[in-house]
Colleague: 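Sharing a structure, written as structure tokens. Questions coming.
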Amino acid sequence: MRKNRIARTAATALLGLGSVAAFAGTAQAEPIDYVRIELVELHCQKNSEGDHDEAYLKITDANGNAVKVWPGNGIKYQTMGTGYVRSMADGNGNAALILGKEQARTLTLWDYDSTSGDDKLGATLVTGSEVGAETQWRSVEGSGGIYVIGYRVIDI
């Protein structure tokens, strides 16, 4: 009987040590280093319809949802015609523009349409690893329109 109790005590101690060893060997997750996409300007090289487009920009957030980021301040869209240049600074307060350095987000430009579905004017992938680079200029095309989106990726 005493032998069994000693064996159980020893087994329990070994299991406890194994659990401690497993806990001690568990890799601690590295903290995520975050960056922010700073929107700069939108250039219209060629609008997609009539004399102008009603442009707005969405970004995929960390959950894969499309979130409108520009124009900001409750404005639905900005009128864009061939040769127009618009500042995008009013969209920079949106939390969806923050991502990890190892992550990527898609910026998608849309043309608002009140009578049918909105038209996709193009998309571009932005990666957190672009941090510290000068302003990036990405051309996007869709539905006959050609636009250039300017942005920077800033360490925060």
Colleague: Pair up each side-chain donor or acceptor in residues 120-127 with any protein partner under 3.5 Å, not counting sequence neighbours, and list the distances.
Modeller:
from, atom 1, to, atom 2, distance (Å)
T124, OG1, R138, NH1, 2.9
T127, OG1, S129, OG, 3.1
T127, OG1, E130, OE2, 3.3

Colleague: Side-chain donor-acceptor pairs under 3.5 Å in residues 76-84, sequence neighbours left out?
Modeller:
from, atom 1, to, atom 2, distance (Å)
T82, OG1, N47, N, 3.2
T82, OG1, N47, OD1, 2.7

Colleague: Name all pairs fulfilling the salt bridge (charged side-chain N to carboxylate O under 4.0 Å, His left out) condition that reach into residues 48-59, sequence neighbours left out, sorted by first residue then second.
Modeller: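 Every pair satisfying salt bridge (charged side-chain N to carboxylate O under 4.0 Å, His left out) with a residue in residues 48-59: there are none.
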Colleague: Please examine the side chains of L42 and V85, heavy atoms only from C-beta on, and report whether any two atoms are closer than 4.5 Å.
Modeller: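 No, side chains not in contact.
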Colleague: Before you tell me yes or no, could you show the steps for I59 and I37 under side chain to side chain contact (heavy atoms under 4.5 Å, CB included), namely the whole-Å CA-CA distance, both residues' side-chain angles and the distance that decides it to 0.1 Å?
Modeller: CA-CA 10 Å; I59 188 169; I37 299 169; 3.8 Å; yes
Colleague: Measuring from atom NE2 of H52 to atom SG of C44, what distance do you get when rounded to the nearest 0.5 angstrom?
Modeller: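 Going from NE2 on H52 over to SG on C44, the span is 11.0 Å.
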Colleague: Anything under 3.5 Å between a donor and an acceptor, one on a side chain of residues 98-105, the other on a protein residue two or more places apart or in another chain? List them.
Modeller:
from, atom 1, to, atom 2, distance (Å)
K101, NZ, D33, OD2, 2.8
Q103, OE1, G100, N, 2.6
R105, NE, T60, O, 3.3

Colleague: Is there a side-chain contact between Y56 and L109 in this structure, where contact means two heavy atoms from C-beta onward sitting under 4.5 Å apart?
Modeller: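 The answer is no; the side chains never approach within 4.5 Å.
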Colleague: Roughly how far apart are W110 CH2 and S48 OG, rounded to 0.5 Å?
Modeller: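 If I round to the nearest 0.5 Å, the distance is 12.0 Å.
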Colleague: How long is the straight-line distance from CD1 of I156 back to OH of Y34, given to the nearest 0.5 Å?
Modeller: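 Reported to 0.5 Å precision, the distance equals 8.5 Å.
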Colleague: Quick one: list whatever passes side chain to side chain donor-acceptor pair (under 3.5 Å) with S114, sequence neighbours left out.
Modeller: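 Residues passing side chain to side chain donor-acceptor pair (under 3.5 Å) with S114: none at all.
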Colleague: Pair M88, L57 - check side chain to side chain contact (heavy atoms under 4.5 Å, CB included), show working.
Modeller: CA-CA 9 Å; M88 298 179 87; L57 186 74; 3.5 Å; yes
Colleague: List the residues meeting side chain to side chain donor-acceptor pair (under 3.5 Å) with R36, not counting sequence neighbours, and say none if there are none.
Modeller: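 Expected list: none.
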Colleague: Can any side-chain N or O of D118 pair as donor or acceptor with the backbone N or O of D113 at less than 3.5 Å?
Modeller: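 Flag set: sc D118 to bb D113 pair under 3.5 Å.
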Colleague: I want to check something: taking the side chain as every heavy atom from C-beta on, are V69 and L39 in contact at a cut-off of under 4.5 Å?
Modeller: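 In contact.
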Colleague: With sequence neighbours excluded, what pairs up with Q45 under the side-chain contact (heavy atoms from CB on, under 4.5 Å) test?
Modeller: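 Counting only residues at least two positions away or on another chain, Q45 forms a side-chain contact (heavy atoms from CB on, under 4.5 Å) with H43, I146, V148.
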Colleague: Please identify each residue that fulfils side-chain contact (heavy atoms from CB on, under 4.5 Å) with A89, with sequence neighbours left out.
Modeller: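 Testing A89 for side-chain contact (heavy atoms from CB on, under 4.5 Å), a comparison that skips the adjacent residues, returns S87, N92.
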Colleague: Less than 4.5 Å apart, side chain to side chain, heavy atoms only: is that true for Y151 and E41?
Modeller: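 Y151 does not reach E41 side chain to side chain.
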Colleague: Quick one: side chain to side chain donor-acceptor pair (under 3.5 Å) partners of E38, sequence neighbours excluded?
Modeller: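 E38: side chain to side chain donor-acceptor pair (under 3.5 Å) contacts with R152.
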Colleague: Could you note down all residue pairs passing side chain to side chain donor-acceptor pair (under 3.5 Å) where residues 65-75 supplies at least one of them, sequence neighbours left out?
Modeller: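 As it turns out, the side chain to side chain donor-acceptor pair (under 3.5 Å) pairs with a partner in residues 65-75, which skip direct neighbours, are W70-D90.
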